[in-house]
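Quick note: numbers below take in every heavy atom, side chains included, and nothing from hydrogens, waters or symmetry partners. These numbers come from a predicted model, not from an experiment.
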Amino acid sequence: MVGGHIFHYRRNSWPAEEYVGRTALQLLDFDGGAPPEQAWRRKLNSHANRLKEFSITFMEAMRMMSLGLRLWSYVREEASHGRKAPIDPFTKERCRPSASQGVPLGGMGSGSISRGFRGEFKNWHIIPGLCESAPVMENQFSIFVSRDGGNKKYSSVLAPGHHEGLKKKSDSGISSWDWNLSGQHSTYHALFPRAWTVYDGEPDPDLKISCRQISPFIPHDYKDSSLPTSVFVYTLVNTGKDRAKVSLLMTWANSIGGFSHNSGGHYNEPFIAEDGVSGVLLHHKTAKDNPPVTFAVAACETQNVNVTVLPVFGLTGENHVSAKEMWNTMVQNGNFNRENFSAGPSMPSSPGQKLCAAVSASTWVEPHGRCTVAFALAWSSPKVKFQKGCTYNRRYTQFYGTSERSAVNLVHDALTKYKLWEEEIEKWQNPILKDERLPEWYKFTLFNELYFLVAGGTVWTDGQPPAINEKASPGSKSSKRGTKDTKMESVKDSHVNMTAEQVPDSGHMTNGDERSVSKFAAVHGSQMQEQTNGGHNLEEPIPYLISKDGPENVGKFLYLEGVEYIMWNTYDVHFYASFALLDLFPKIELSIQRDFANAVLYEDQRKVKFLADGASGIRKVKGAVPHDLGTHDPWHEMNAYNIHDTSKWKDLNPKFVLQIYRDFAATGDMQFGRDVWPAVCAAMDYMDQFDRDRDGLIENDGFPDQTYDAWTVHGISAYCGCLWLAALQAAATMAHRLGDRHFAEKYKLKFIKAKAVYEAKLWNGSYFNYDSGTSSNSRSIQADQLAGQWYTASSGLPPLFDENKIRSALQKIFEFNVMKVKGGRMGAVNGMTPKGKVDETCMQSREIWTGVTYAVAANMLLHGMEHQGFTTAEGIFIAGWSEEGYGYWFQTPEGWTTDGHYRSLVYMRPLAIWAIQYALSPPKAILEAPKVNLMDRIHISPHMARAISEISIRKIAPDNRCFPSSAFQCEC
């Protein structure tokens, strides 16, 4: 916890006056039009440099050649089935990434659209797992100003004109529009989930304009935070001497990015809703049998604002008004014909034809007067379909229904509720923004890193079982939504062993429930055996996992590891990122943990080929925590990651136990603790097999068997060993709190034994060695060596080691991994040799991982090292977010090399910045917990000590088959 005396030395890094004139800020300080004092800022004419991707060395390429060949073959095989492989380093985006990103639009889990700081709408993530990064240039805001009876006119798209894809002005498309904005006097200010664009005298020297972008990302609001909508509020200030007619125009293409418009069958129609809300619906028929999408583009008509629409225009002038003709109409009249509202649905588009729509809002602004004009955008795609057949309703359909036309209600509510949203957003953000102890860069970067919870491919369902497409007869399909009554009739996969925790309607399990569970298992076990004899296809989905979320169902939540690593809820990475959800949406965090607790207790015997060595194994081993919840059939087909056999990884199970205990301690939810306890027991017992010398400490197996999946570990590992120590203590403490004396004793004894071994074999006097092996990097300084202690401190548990050792190791990391890399301006490099050189063992040892750096910084703060912690974290800001950095804002990658070349943009792990805030402001349940060491209250009986010493440790079977269920019976 941090005291009140710190951070006063921190400079104010980005004063607004350096970007917008003080006079303009004062004039726009009306109805929220002025940008906040603390925000991430850019001039609109800033150069958006191309980003540079990392490359591997010749030796790394030689070592990974076999893996590369197998991965190439796997990518091609998946493509032959019309699917994208979870990891595909061979296929490059058509649109090369650049430093042009900004705050994304909408709430969580309903598809996302990003918006660059120069105004372009890009990174379309409407279909799960598919991101179309190129901007749709027809989607723009434009302005038309007429003064002095029409003798003085200004017109321009409100985005700089130096965009790729704009052709000669003589054509009839969008290149014929007036792209007159230089961006020299226009600035972008980002404070997620809002952004401001200020046009200080562009294009009209006597008009100050602010566009405020607002999305409903509101902590602890599980309704509005799921809505696919955003509002754009324009504040207009006329500093001239004459009256000005100002018309704002929003144009939108019937497209979900890329070449999606080419499929044809799309159509538009105007609408008029209540409270002056009117606009155009754009109905998009998606390709490949994906669910349709309907956009609503709208503005709010008031006493001073007149709204008109052009339901359809095209780019060529064939069949419809052309983009050029539409523009000329606005230049001449400043509005469209009111009769357009009665036009009705347009004719469906032909293949290759792009339909667009326009909404105009016109107003008069008196000399020295002010006016507000509000637009809204919504995209309604009620169903989310995954490529292997399962379809779910999105979370927001619980409140708006499953019709695509709910887009009308979405924009209506957005335009009538956005001020309430802003009040809640400010109530959340102001205590941090006004905390003068904190450095300014940290305040806005903390909020802006949350972009990933919208733009990271998130899917938020209503929590109900899926509709599964099945072949009803040759050549036809039927879709039947599973229900609690019919669910077990669809259990088809004999290769999935179902446990009590997946029983529908089982409620919260108690000891008295065992009889009914046994009966269920007997009935459906025989049913599943019969289905085995029926020879069902092994690709059919396993039973849907029902989370026992108590009285309130907050739905099910997925987010990608990254837009380049398409795996849902990757657990070893969620370990770092989960602090954001725990702080802001704790019910979602508990729902995710319940999903993994369910997953621990079953196995999936479908065969999988692992690409690292070409060996085969089964998809999911009972007792092992899955790496992820899948890609093309999440929850049903887990472990999409197939480079290594993650059932042999040493970090996943300890990370599961640590996250469970942290969430249990932070929320004080005893029912959650009881529900997931069987999975905790199974996860801990599963790890016994890796303690081969029975000293209580697990050993690594000479391959990259943890989240650093290219960095080999031999023997005892600082990283995995520390996680295991922390898990032993967390499990014992949780057992004590839940009244499971046997388990508490068992794991306290193991903890005592393991701790002594860990320190004896790895502590070298100033830090913990990378591992206990004899390789050239065994003495390397790993930045993440104290990850277990980080979670221990975050959970309010006693420290694993003497405080002097913890601070010594953290200081060593700061001096070597942080400060010896460009003076601390890059973050913490993963590996550093004792001689002060970057560890070049593999590509990951020489990388700087953004999320790990934030985690290390949080650990430093937890141990009173404020200067070191914030200096460490600031390196990520300088390299990734500042103007002198490499341009990774709103697309923070997994990591970069010491020369700034990225790997895996738009990545989950950087959400770990919220671990810093967690360290600064721990949850109330942690702060108010009794200051006692519960481990001291666990008495180890002589009988338990003897029993533990006599337990035989089961080894991994050479053929990598699953373990018998008897090995995973909980001792609780």
Side-chain angles (χ1 to χ4, degrees), residues 56-57 59-71 74 86-87 89 565 567 570-573 575 608-621 623-628 639-655 686-693 697-724 761-762 769-780 782 784-785 787 830-831 839-847 849 953-963:
I56 58 176
T57 66
M59 290 305 297
E60 288 168 349
M62 294 301 295
R63 286 196 295 268
M64 293 191 291
M65 183 175 293
S66 296
L67 167 62
L69 291 173
R70 283 188 284 266
L71 180 57
Y74 173 67
I87 301 174
Y565 296 162
M567 294 165 283
T570 300
Y571 201 71
D572 55 308
V573 184
F575 176 77
V608 174
K609 181 178 181 180
F610 300 111
L611 304 179
D613 56 8
S616 294
I618 66 172
R619 179 171 291 279
K620 167 67 177 70
V621 175
V625 174
H627 171 274
D628 55 78
N639 284 334
Y641 178 91
N642 61 349
I643 293 179
H644 298 290
D645 180 356
T646 58
S647 70
K648 299 177 183 178
W649 276 19
K650 310 307 183 294
D651 63 336
L652 287 169
N653 283 38
K655 284 176 175 176
Y686 180 86
M687 296 300 290
D688 280 348
Q689 63 189 292
F690 302 121
D691 177 15
R692 294 179 175 82
D693 54 8
L697 195 60
I698 60 172
E699 291 88 37
N700 292 79
D701 284 324
F703 74 99
D705 48 358
Q706 24 75 41
T707 194
Y708 299 90
D709 60 350
W711 199 358
T712 298
V713 192
H714 299 275
I716 297 171
S717 151
Y719 180 67
C720 296
C722 190
L723 290 171
W724 176 240
K761 293 194 175 182
L762 294 181
N769 290 336
Y770 175 70
D771 64 28
S772 63
T774 58
S775 63
S776 59
N777 70 322
S778 288
R779 286 184 55 83
S780 284
Q782 184 177 10
D784 214 2
Q785 62 184 266
N830 284 336
D839 186 339
E840 301 281 353
T841 302
C842 66
M843 70 176 190
Q844 289 177 342
S845 64
R846 59 185 171 90
E847 287 179 329
W849 283 12
I953 309 301
R954 190 181 187 282
K955 307 288 185 178
I956 293 182
D959 65 352
N960 202 28
R961 300 178 69 85
C962 63
F963 298 94

Between the OG1 atom in Thr707 and the CG atom in Leu723, the distance rounded to the nearest 0.5 Å is 10.0 Å

Contacts of Arg846 meeting salt bridge (charged side-chain N to carboxylate O under 4.0 Å, His left out) (sequence neighbours excluded), chain-then-number -> Glu60, Glu840

Can you list the steps and then say if Arg70 with Phe610 is a side chain to side chain contact (heavy atoms under 4.5 Å, CB included)?
CA-CA 9 Å; Arg70 283 188 284 266; Phe610 300 111; over 6 Å; no

Output for pair (Ser776 OG, Asp839 CG), nearest 0.5 Å, gives 7.0 Å

Q. Is a side-chain donor or acceptor of Ser717 paired with a backbone partner of Cys720 at a separation under 3.5 angstrom?
A. yes

Separation between CG (Leu652) and CE (Met687), nearest 0.5 Å, reads 8.5 Å

Side chain to side chain donor-acceptor pair (under 3.5 Å) filter on Ser845, not counting sequence neighbours, yields none

The side-chain contact (heavy atoms from CB on, under 4.5 Å) partners of Arg779 (sequence neighbours excluded) come to Asn764, Tyr767, Asn769, Pro834

Residues passing the ring pair (Phe, Tyr, Trp, His ring centres under 6.0 Å) test with Phe703, sequence neighbours excluded, are His644

Heavy atoms of Gly721 and Leu697 approach each other most closely as O-CD1, 4.2 Å

Is the backbone N or O of Arg692 less than 3.5 Å from a side-chain atom of Glu699, with the two atoms forming a donor-acceptor pair by type? yes

Sub-6.0 Å ring centroid separation between Trp649 and Tyr571:
no

*asked:* Any heavy-atom pair between the side chains of Leu611 and Tyr74 that's under 4.5 Å?
replied: yes

*Start with the C-alpha distance between Asn642 and Lys609, add both sets of side-chain angles, then the distance that settles side chain to side chain contact (heavy atoms under 4.5 Å, CB included), and finish with yes or no.*
CA-CA 7 Å; Asn642 61 349; Lys609 181 178 181 180; over 6 Å; no

Query - Contact check, side chains of Asp784 and Trp849, non-hydrogen atoms, under 4.5 Å - result: no

dist Gln782:CD -> Asn777:CG (nearest 0.5 Å) comes out at 9.5 Å

Across all chains, not counting sequence neighbours, the ring pair (Phe, Tyr, Trp, His ring centres under 6.0 Å) partners of Trp724 are none

**Message:** Asn639 vs Val608, test: side chain to side chain contact (heavy atoms under 4.5 Å, CB included). Steps then yes/no.
**Reply:** CA-CA 10 Å; Asn639 284 334; Val608 174; over 6 Å; no

Tyr770 meets the ring pair (Phe, Tyr, Trp, His ring centres under 6.0 Å) criterion, sequence neighbours left out, with Trp711

Contacts of Lys650 meeting salt bridge (charged side-chain N to carboxylate O under 4.0 Å, His left out) (sequence neighbours excluded), chain-then-number -> Asp701, Asp705

Contacts of Ser778 meeting side chain to side chain donor-acceptor pair (under 3.5 Å) (sequence neighbours excluded), chain-then-number -> Asp771, Ser775

Distance col, row Tyr641:OH vs Thr646:OG1, nearest 0.5 angstrom, shows 8.0 Å

4.5 Å side-chain heavy-atom contact, Tyr686 and Val621 = yes

Residue set satisfying side chain to side chain donor-acceptor pair (under 3.5 Å) with Gln706, at least two apart, ordered chain then number -> none

When rounded to the nearest 0.5 Å, the distance separating CG of Asp613 from CG of Asp645 is 8.5 Å

Margin query: Go through it in stages, so that I can follow the logic: the residues are Asn700 and His714, the test is side chain to side chain contact (heavy atoms under 4.5 Å, CB included), and I'd like the CA-CA distance, side-chain angles, deciding distance and then a yes or no.
Written below: CA-CA 6 Å; Asn700 292 79; His714 299 275; over 6 Å; no

The side chain to side chain donor-acceptor pair (under 3.5 Å) partners of Asp651 (sequence neighbours excluded) come to Lys655

